[in-house]
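Okay, so here's the structure we're looking at.
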Amino acid sequence: MTAEKIAIISGKGGVGKTVITANLGSVMSHVFDEDVIVIDTDVSSSHLGIHFGFYSNPATLNSVLKGNHKPEEGVYEHETGLKIVPGSLNYDDIRDVDVYNMEEVIKEFEDKADVILLDCGPGIDRETSAAIRSADKVLYVSKPSFTSLIDVMRTDSLVDELDKETMGIVLNMVKGKKHEIDSSEVESFTDMKVLAEVPHDNLVEESTSKGVPVSIYNPHAKASRSIEDLAGRLLGKEPEKKKWGIYRKFREFLPGL
Ligand SMILES: Nc1ncnc2c1ncn2[C@@H]1O[C@H](COP(=O)(O)OP(=O)(O)OP(=O)(O)O)[C@@H](O)[C@H]1O
Ligand SMILES: [Mg+2]
């Protein structure tokens, strides 16, 4: 198998790339039975592992990029079956890391899954460029605001330059306020398709604080439902498992929930 590699990008920071990556990966894996790896390519400001309760891992993408571990050593299987390559949270690993070989390293994961989601950093620096270069396609995450969309457009120029396919935009943290830019305005402004509107949902932060993606924490949460629809649309599939089954299964792992 050769995995399809999707870079989750935004331009602007703090719009929900890591939340979308963690939840999309979880749902693709648990609800749609896909073999998925999520990789934290935001090597200087890693957060992806935290969404799964990973706070200290011996092998990380940082150590693989540095040649201190083999790619397969950086893959951790979560209780749910999703595979995760976390970044390092240590200053020393961040200071020394270089991304010149990221494309080559990400290629090493290709035969280990059907889908690879790359959680990217903000901006259009070397790290983000290396991650986009490593992907087949990009998926944008944006808030429904002009500042966020302007950064999408700026990043789109880089994506064009690198000749990568754009899947569309996920509008995240939608509150339904008058001042927000709606989907049809976003589509005409960016010339991209809006693939989902993920609502602002307080359960997202609550679940992160417990080290569980909201889609697993509560599949009935507003954000979870919308991300499940998005996963189905991206995969062109119907869900294969009942959500409550997954929720119950996770309550066994996390009795404190
Ligand atoms: N749908 C949502 N509802 C409520 N809060 C959300 C939602 N999506 C993301 N958040 C919150 O917004 C903040 C930023 O999310 P996240 O870290 O995923 O953004 P990011 O784009 O990955 O940031 P960075 O650019 O720094 O990597 C977090 O506190 C997260 O919990
Ligand atoms: Mg992030």
Side-chain angles (χ1 to χ4, degrees), residues 6-27 38-55 60-62 84-89 94 97 99 102 117-132 134-135 138-145 147-152 154-156 158 169-177 180-181 183 186 194-231:
I6 303 171
I8 317 281
I9 59 174
S10 63
K12 192 158 173 26
V15 298
K17 296 176 292 298
T18 305
V19 164
I20 298 296
T21 307
N23 284 283
L24 208 48
S26 302
V27 167
V38 290
I39 304 180
D40 196 341
T41 67
D42 188 1
V43 287
S44 58
S45 189
S46 303
H47 296 125
L48 185 65
I50 293 168
H51 289 257
F52 298 95
F54 293 176
Y55 305 105
T60 57
L61 186 66
N62 302 54
I84 300 152
V85 180
S88 174
L89 306 181
I94 294 162
V97 78
V99 291
M102 188 182 287
L117 301 179
L118 304 175
D119 178 27
C120 297
I124 45 175
D125 60 6
R126 269 187 86 216
E127 259 177 48
T128 308
S129 307
I132 296 173
S134 309
V138 302
L139 177 65
Y140 284 96
V141 178
S142 176
K143 282 191 178 184
S145 71
T147 45
S148 194
L149 287 165
I150 281 171
D151 283 8
V152 165
R154 203 179 356 235
T155 311
D156 191 43
L158 172 65
I169 303 190
V170 176
L171 280 185
N172 188 32
M173 296 193 240
V174 174
K175 293 180 173 166
K177 301 271 188 202
E180 290 179 352
I181 303 172
S183 284
V186 170
V194 172
L195 300 173
E197 286 187 30
V198 180
H200 187 278
D201 189 334
N202 291 333
L203 286 175
V204 170
E205 293 213 350
E206 187 178 315
S207 64
T208 308
S209 74
K210 305 208 186 250
V212 192
V214 69
S215 301
I216 304 297
Y217 184 68
N218 186 346
H220 293 293
K222 289 180 292 175
S224 308
R225 286 172 188 270
S226 153
I227 291 168
E228 185 180 309
D229 287 348
L230 171 66

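As the structure lists them, so they are numbered: ligands from 1, and atoms in each ligand from 1.
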As a quick check of understanding, evaluate side-chain contact (heavy atoms from CB on, under 4.5 Å) for Ser134 and Thr41, giving each step before the final call. CA-CA 10 Å; Ser134 309; Thr41 67; over 6 Å; no

Nearest protein heavy atom with distance in Å, relative to [atom]:
atom	result
atom 25 (O) of ligand 1	Lys17 NZ, 2.7 Å
atom 17 (O) of ligand 1	Thr18 CB, 4.2 Å
atom 27 (O) of ligand 1	Asp42 OD2, 3.6 Å
atom 3 (N) of ligand 1	Asp201 N, 2.9 Å

Do the side chains of [Y] and [X] get nearer than 4.5 Å, heavy atoms only?
X	Y	answer
Val43	Ile94	no
Pro144	Val186	no
Ser129	Leu158	yes
Ser224	Val214	yes

Within less than 4.0 angstrom of ligand 1, does Gly14 place any heavy atom? yes

Give a yes/no verdict on whether any heavy atom in Ser45 is under 4.0 Å from an atom of ligand 1.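 Ser45: no contact with ligand 1 (<4.0 Å).
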
Less than 3.5 Å between some nitrogen or oxygen of [X] and one of ligand 1, yes or no?
X	result
Val198	no
His47	no
Gly16	yes
Asn202	no

Under 4.0 Å, heavy-atom basis, I'd like to know which part of Val19 is in contact with ligand 1: side chain, backbone, both or neither. both

Would you indicate which of Lys143, Met173, His51 comes nearest to atom 7 (C) of ligand 1 when only heavy atoms are counted?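 Looking at heavy atoms only, Met173 sits closest to atom 7 (C) of ligand 1.
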
Correct closest heavy-atom pair for Glu127 and Asp42 would be OE1-OD1, 3.5 Å

Just how far is it from atom CD1 of Ile50 to atom OH of Tyr55, taken to the nearest 0.5 Å? 7.0 Å

From Ile227 atom CD1 to Thr21 atom OG1, the distance as rounded to the nearest 0.5 Å: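 One finds 10.0 Å between CD1 of Ile227 and OG1 of Thr21.
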
Please determine which of Asn23, Asp40, Asp119 meets the side-chain hydrogen bond (donor to acceptor under 3.5 Å, both in side chains) test together with Thr18. Asp119

Below 2.8 Å, which protein N, O or S atoms neighbour the Mg ion (ligand 2), ignoring water?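 Within the sphere that stays under 2.8 Å of the Mg ion (ligand 2), the protein atoms of type N, O or S are Thr18 OG1.
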
Less than 3.5 Å apart, any donor N or O on the side chain of Asp125 or Thr128 sitting next to an acceptor on the other?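 Checked: Asp125/Thr128 side chains pair up, N/O donor to acceptor below 3.5 Å.
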
Of all the atoms in ligand 1, which lie at a distance below 4.0 Å from a heavy atom belonging to [X]?
X	answer
Asn172	1 (N), 2 (C), 7 (C), 8 (N), 9 (C)
Gly13	25 (O)
Glu205	11 (C), 28 (C), 29 (O), 30 (C), 31 (O)
Val15	19 (O), 20 (P), 21 (O)
Pro122	25 (O)

Chi angles and distances behind the side-chain contact (heavy atoms from CB on, under 4.5 Å) call for Ser142, Val15: CA-CA 6 Å; Ser142 176; Val15 298; 5.8 Å; no

Applying side-chain contact (heavy atoms from CB on, under 4.5 Å) to Leu195 and Leu139, what does each step give before you reach the verdict? CA-CA 9 Å; Leu195 300 173; Leu139 177 65; 3.6 Å; yes

